Amino acid sequence: MKSNYVFETRMDVRDYECDIQGIVNNANYLHYIEHTRHLFLQHTGLSFAQLHEQGIDAVVARMNLQYKVPLRCDDTFISRLAIAKEGLRYVFHQDIYRAADDKLCFRSVVELVVLIHGRLGHSEAYDHAFAPYLTPSEE
């Protein structure tokens with residue numbers, strides 16, 4: 001997918017996120033993209049906590065991750081997001097770029113589904129909030 005980013009945020013690598021090789025540990029990229037999704041949700045006017053209190057939970061169903069160029073201690077990076085809807089799934093295309101040179105460091109496709117009181121379902125709240133940002137799916 002050629003990503004049509006609809007949201008982005010800047011973050012800094014913190015020293016404790018790096019391994020002995022001096023590069024960001026691979027698991028931290030998952031934290032970065034999750035934080036980006038949460039910020040995006042707030043940007044749309046929704047609250048993850050309030051939805052949970054209503055019994056509506058978006059959960060990760062599948063991830064495809066590609067590590068391209070490592071981030072290092074003190075790097076600033078830009079986490080970018082595009083979103084599509086395929087059936088009941090929200091498909092987030094999330095990429096991380098090093099801010100200094102706009103080099104692609106990490107690429108991911110994250111599929112989320114919504115559980116309503118523990119059962120797979122359709123969420124009007126998410127559909128309404130995400131509608132202005134959806135890109136056509138490639139199914």
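Note that the coordinates shown come from a computational prediction; the quantities given were computed from them, not determined experimentally.
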Fill in the blank from the handout: Heavy-atom nearest pair, Pro70 first then Ile23, reads CB-CG2, 3.7 Å
Problem - Rounded distance [0.5 Å steps], CD in Glu111 versus CZ in Arg62 - result: 4.5 Å
Practice task
Go through the steps for Tyr5 and Asp95 under the test side chain to side chain contact (heavy atoms under 4.5 Å, CB included), then give the verdict.
Solution key: CA-CA 9 Å; Tyr5 302 115; Asp95 300 331; 2.4 Å; yes
Problem - Reported NE2-to-CG distance for the pair His93 and Asn64, which is rounded to 0.5 angstrom - result: 10.0 Å
Practice task
Kindly indicate whether the side chain of Ile96, heavy atoms from C-beta on, has any atom under 4.5 Å from the side chain of Ile78.
Solution key: no
Exercise for the section: Answer yes when Asp75 and Arg72 have at least one side-chain N-carboxylate O distance shorter than 4.0 Å, and no when they do not. Expected result: no
Practice task
Please assess Leu71 against Arg98 for the test side chain to side chain contact (heavy atoms under 4.5 Å, CB included), listing each intermediate value before the final yes or no.
Solution key: CA-CA 7 Å; Leu71 289 168; Arg98 189 171 47 217; 4.2 Å; yes
Problem - Connected via hydrophobic side-chain network under 4.5 Å: Leu39 and Val60 - result: yes
Practice task
Look at Asp102 together with Arg80 and state whether they make a salt bridge at an N to O cut-off of under 4.0 Å.
Solution key: yes
Handout entry: Sidechain-backbone polar pair: Tyr97 side chain, Phe77 backbone, donor-acceptor under 3.5 Å
Key = no
Practice task
State yes or no: do Phe92 and Met63 share one hydrophobic cluster built from I, L, V, M, F, W and Y residues joined by side-chain heavy-atom distances below 4.5 Å, directly or via other members?
Solution key: yes
Problem - Crowding at NE2, His35 (>12 non-hydrogen neighbours, <6.0 Å) - result: no
Practice task
Check Ser79 against Thr36 and note the closest heavy-atom contact, atom names and distance.
Solution key: OG-OG1, 2.6 Å
Practice task
Could you state whether Met11 and Ile33 fall into the same hydrophobic cluster, counting links through intermediate Ile, Leu, Val, Met, Phe, Trp or Tyr residues with side-chain heavy atoms under 4.5 angstrom apart?
Solution key: yes
Exercise for the section: Have a look at Phe7 and tell me which of Tyr133, Phe40, Phe130 forms a ring pair (Phe, Tyr, Trp, His ring centres under 6.0 Å) with it. Expected result: Phe40
Practice task
Determine, step by step, whether Leu81 and Val6 satisfy the side chain to side chain contact (heavy atoms under 4.5 Å, CB included) criterion, reporting the C-alpha distance in whole Å, the side-chain angles of both residues, the deciding distance to 0.1 Å, and the verdict.
Solution key: CA-CA 6 Å; Leu81 173 153; Val6 296; 3.9 Å; yes
Fill in the blank from the handout: So salt bridge (charged side-chain N to carboxylate O under 4.0 Å, His left out) across residues 18-45, not counting sequence neighbours, yields none
Problem - Exceeds 12 heavy-atom contacts within 6.0 angstrom, atom NE2 of His52 - result: no
Problem - hydrophobic_cluster_shared for Leu88 and Tyr126, side chain cutoff 4.5 Å - result: no
Exercise for the section: May I ask you to test the Val114-Ile116 pair for a side-chain heavy-atom distance under 4.5 Å? Expected result: yes
Handout entry: Short side-chain to backbone donor-acceptor contact, Ser108 and Gln94, under 3.5 Å
Key = yes
Exercise for the section: Classify the angle between the aromatic ring planes of Tyr29 and Tyr32 as parallel (below 30°), tilted (30 to 60°) or perpendicular (above 60°). Expected result: perpendicular
Handout entry: Check: Thr135 side chain, Ile83 main-chain N or O, donor-acceptor pair, under 3.5 Å
Key = yes
Handout entry: Side chains of Thr76 and Asp12, donor plus acceptor under 3.5 Å
Key = yes
Fill in the blank from the handout: Scanning both residues in full, the closest heavy-atom pair of Ser47 with Leu41 reads C-CD2, 4.3 Å
Handout entry: Neighbour count above 12 (heavy atom, 6.0 Å) for His43 NE2
Key = yes
Practice task
Just do the side chain to side chain contact (heavy atoms under 4.5 Å, CB included) check on Lys85 and Val91 with the steps written out, would you?
Solution key: CA-CA 6 Å; Lys85 184 152 189 222; Val91 181; over 6 Å; no
Problem - Path from Val59 to Ile56 over hydrophobic side-chain contacts below 4.5 Å - result: no
Handout entry: Check: Tyr90/Asp127 side-chain N/O donor and acceptor closer than 3.5 Å
Key = yes
Exercise for the section: Report yes or no: does Glu17 contribute a side-chain atom to a donor-acceptor pair with the main-chain N or O of Arg14 at less than 3.5 Å? Expected result: yes
Exercise for the section: Measure the CG-CG distance between Leu30 and Asn25 for me, rounded to the nearest 0.5 Å. Expected result: 9.5 Å
Problem - Closest non-hydrogen atom pair, Val13 against Cys73 - result: CG1-CA, 3.9 Å
